[in-house]
Novice: 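Below you'll find the structure I mean.
What you see is a predicted model, and the numbers here were worked out from it, not measured in a lab. Residue numbers count from 1 along this sequence. Counting starts at 1 for both ligands and their atoms, following the listed order.
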Amino acid sequence: LSNAPNISTLIHLLSTNRSSIFSGHHGQLTLTSVFLDEYRDRLFLGGKDVLYSLMLGPTSTESKELYWPPLPGNRENCIQTGKDPQTDCANFVRLLQPYNRTHLLACGTGAFQPMCAFVYVGHRGEHVFTIDPVNVENGRGKVPHDPSFRFASTFRGGELYTGLTADFLGRDSVIFRSMGGRSTMRTETDQKLLHDPKFIAAHVIPDNDDRDDDKVYFFFTEKASEPGDREGAIHTRVGRVCANDVGGQRVLVNKWSTFIKARLVCSVPGPHGIDTHFNQLEDVFLLRTKDERNPDVYAIFSTISNVFQGFAVCVYRMADIREAFNGPFAHKEGPDYQWGAYEGRVPYPRPGVPGREFGSTKDFPDSVLQFARSHPLMWRPVFPALRRPVLVQANIPHKLQQIVVDRVEAEDGHYDVMFIGTNVGTVLKVITIQNGNSLETEEVTLEELHVFKQAIYVGSPAGVAQVKLHRCETYGKACAECCLARDPYCAWDGFTCAQYTPNNKRRYRRQGIRHGNPALQCVDQNLSDVDVTEDDVVYGTENNSTFLECVPRSPQASVSWLVQRDDRKEEVKLDDRVMATEQGLLFRHLLHEDEGVYICRSREHGFSQTLVRLSLQVLQGDAVDELMSRDNAGFSDSIKERSAGSYRAWMPCTAYRSGTSSHSRLWFKDIVQMIGPSNLPHVEEYCERMWCNDKLRRKHKSMLEKYRQAQESARKARSKSSGERNRMPRDLKARDV
Ligand SMILES: *[C@@H]1O[C@H](CO)[C@@H](O)[C@H](O)[C@H]1NC(C)=O
Ligand SMILES: *[C@@H]1O[C@H](CO)[C@@H](O)[C@H](O)[C@H]1NC(C)=O
Ligand SMILES: *[C@@H]1O[C@H](CO)[C@@H](O)[C@H](O)[C@H]1NC(C)=O
Ligand SMILES: *[C@@H]1O[C@H](CO)[C@@H](O)[C@H](O)[C@H]1NC(C)=O
Ligand SMILES: CC(=O)N[C@H]1CO[C@H](CO)[C@@H](O)[C@@H]1O
């Protein structure tokens with residue numbers, strides 16, 4: 001997979017300041033379901049024997065808890081059947097759906113005895129949350145018995161559609177319809193219809209304005225039945241039923257007469273003309289647009305082979321899905337025949353399509369029902385838009401598990417920002433950009449980090465985190481940097497990198513997501529402001545290691561290092577001793593001739609920028625010892641004791657004081673590492689006195705000046721009479737510091 005992108009930034013959610021975390025009232029939430037109620041501004045959570053309601057206020061979040069254990073006796077029965085008391089024999093709440101204007105439907109596994117109840121949540125604006133523990137319904141067919149089984153469900157018109165295994169042993173795989181006034185519907189038990197399915201998602205998608213024509217789509221994997229597949233191979237399917245299906249009169253009584261399914265293909269061309277298929281569906285997100293008949297279907301797939309483990313995101317258009325369902329049926333004459341497209345006469349009304357002339361499916365001719373029963377699979381598969389994934393990740397250390405997509409209006413069109421949750425608790429924020437009409441797409445990984453307003457809610461068994469969608473201010477202080485970040489949520493407003501709102505009437509609004517070219521986007525802005533022009537001084541000690549930090553803000557930028565000596569600039573020669581790392585330039589063994597001004601430049605989309613200028617000064621070991629020992633602060637003793645002798649990257653006061661400078665952080669980190677966190681107050685005190693008092697700073701400067709002069713004369717003296725060791729001049733005493 002040559003074009004496998006490389007996600008280089010990993011921001012751990014829990015370590016960023018933009019998230020707030022809810023982990024239940026007792027610490028361990030064991031989250032098993034989430035429903036984000038955008039109308040009520042509430043987040044409902046289901047866990048083990050518990051339900052929560054979170055009122056999402058602008059400043060604070062108020063939470064209420066409901067205890068909802070299994071019915072009396074069921075926990076004991078469950079344990080008696082040999083199930084695990086901790087992981088099986090509790091009421092794991094798996095389903096939370098809005099039911100009517102005042103109630104939610106909640107269903108839990110009830111210790112392998114599924115049960116449902118109505119939860120009173122009140123009207124918008126009030127925070128009520130009660131459940132009637134007596135008024136409980138049988139939850140069979142609504143959630144699986146086993147808390148570890150996946151299932152999918154959706155509500156339509158008071159009826160619940162579910163794809164699940166609906167029995168104690170987990171063998172009865174079925175698509176169900178229950179609740180509401182009509183009789184319960186299900187699929188026949190037949191491997192032709194569903195063969196060991198794993199249901200991932202279910203959605204109602206209308207065909208037109210007539211609600212009677214609505215279809216319910218199921219996304220699932222099942223064992224492959226087509227030829228050419230290995231034993232045990234699985235395929236991903238999209239299946240659907242008509243909402244107005246009430247089954248047949250003589251055959252298919254209370255069974256679906258409109259169930260059809262097609263294969264969803266997600267693959268990339270490989271060497272020797274063999275495609276790499278991603279067959280295992282992991283998650284589906286329906287990106288709804290103004291045209292409710294045509295949402296975009298985003299799906300994460302995985303593949304695990306001996307060669308590699310990979311993930312892909314494919315996007316499907318409803319038009320392509322409908323076309324497959326309107327195309328030929330897959331047909332097999334008998335067990336020894338090959339699959340092919342059915343070429344005979346398809347009875348009318350065509351299965352999977354409600355017939356207008358017929359009052360209901362009960363009036364369908366038997367021939368239609370017989371055909372429907374024997375031909376559930378379509379011959380043509382559904383290919384993704386552009387016939388290829390929008391994102392491919394191969395041999396990465398984490399798994400892509402969940403996806404939500406936010407469509408963002410930006411200056412140059414709209415962008416679909418994907419938020420992809422991983423199994424290591426991070427969220428990738430990715431946009432893909434199509435360049436012109438070509439099939440090449442470019443992925444921009446913005447940050448690794450249920451979209452609702454300004455936040456994304458991320459659930460894990462441990463809790464729920466609310467994460468802000470963007471932090472434009474982190475993209476820098478200049479138009480060019482804001483532009484290079486290519487985050488559709490952000491734009492340059494003339495002064496700062498700020499949140500972009502399409503109707504904002506401010507005069508300056510620069511965004512360059514498609515090309516990310518600041519030279520175009522920021523013509524009249526002062527590009528030279530972007531370049532760092534002042535040198536920061538860094539001290540290293542001879543024969544020891546030193547590190548010059550330089551991290552570009554954009555993960556796509558490439559970095560180069562130049563060194564300037566006596567007005568001559570040249571590229572830094574890299575070898576075993578001087579190494580370029582992702583964070584900067586590492587000198588493993590500093591030589592005196594390494595002295596010079598080091599310039600770190602980043603380059604992206606033809607735009608280059610000076611990020612850092614560091615004047616590296618090489619101190620000689622003895623001199624440093626001397627310098628430290630002459631300090632009268634108690635600090636110096638502790639620093640000497642604890643440090644293994646590498647006081648690298650000393651920073652001048654300006655850097656320390658500005659607080660935000662990355663070098664100061666590095667320097668500060670080093671100091672803390674050397675002396676240990678318990679001595680932190682000492683460091684503050686020391687730094688304050690040492691670097692951050694203007695008067696002292698001037699002194700410090702002159703001290704260093706003297707020190708350098710002393711070194712110079714010592715060197716001269718040395719070259720005259722070798723063997724004589726250079727010493728610090730006497731006047732460079734601690735009192736000066
Ligand atoms: C985190 O955010 C809050 C509010 O936005 C702010 O007051 C606080 O200083 C931030 N903390 C850190 C460590 O950045
Ligand atoms: C909602 O459904 C519940 C449970 O059936 C019922 O008690 C309640 O009256 C309903 N509320 C409304 C507003 O229809
Ligand atoms: C651009 O920035 C440079 C350096 O900060 C400054 O000298 C120059 O005057 C600025 N030009 C304009 C047009 O603002
Ligand atoms: C650094 O190493 C060289 C050779 O190993 C040695 O001659 C020199 O004295 C060392 N310098 C210091 C300051 O230790
Ligand atoms: C001055 C200084 O930091 N010297 C150290 C350089 O590194 C060696 C080990 O590599 C130490 O022994 C020195 O103290």
Novice: Under 3.5 Å, side chain of D296 to main-chain N/O of R317, donor-acceptor pair present?
Specialist: no
Novice: Please report the C-alpha distance between F151 and F199 in whole Å, then the side-chain angles of each, then the deciding distance to 0.1 Å, and finally whether the ring-ring contact (aromatic ring centres under 6.0 Å, His included) criterion is met.
Specialist: CA-CA 5 Å; F151 81 112; F199 289 95; 9.4 Å; no
Novice: Can you list, by chain and residue number, every protein residue with a non-hydrogen atom closer than 4.0 Å to ligand 2?
Specialist: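 For ligand 2, the contacting residues are Y99, N100, T102, H103, F118.
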Novice: Y52 vs H25 aromatic rings, parallel, tilted or perpendicular, using cut-offs 30° and 60°?
Specialist: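 Ring orientation of Y52 relative to H25: perpendicular.
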Novice: Using the side chain to side chain donor-acceptor pair (under 3.5 Å) definition, which of the options K198, R237, H235, Q191 pairs with E222?
Specialist: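 Testing each of K198, R237, H235, Q191 against E222, the sole residue satisfying side chain to side chain donor-acceptor pair (under 3.5 Å) is R237.
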Novice: Taking atom NZ as the centre, does K399 end up with more than 12 heavy-atom neighbours from other residues, nucleotides or ligands that are less than 6.0 angstrom away?
Specialist: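 No, not enclosed.
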Novice: Flag yes if more than 12 heavy atoms outside E76 fall under 6.0 Å of its CD atom; otherwise flag no.
Specialist: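 Buried by this count: over 12 neighbours within 6.0 Å.
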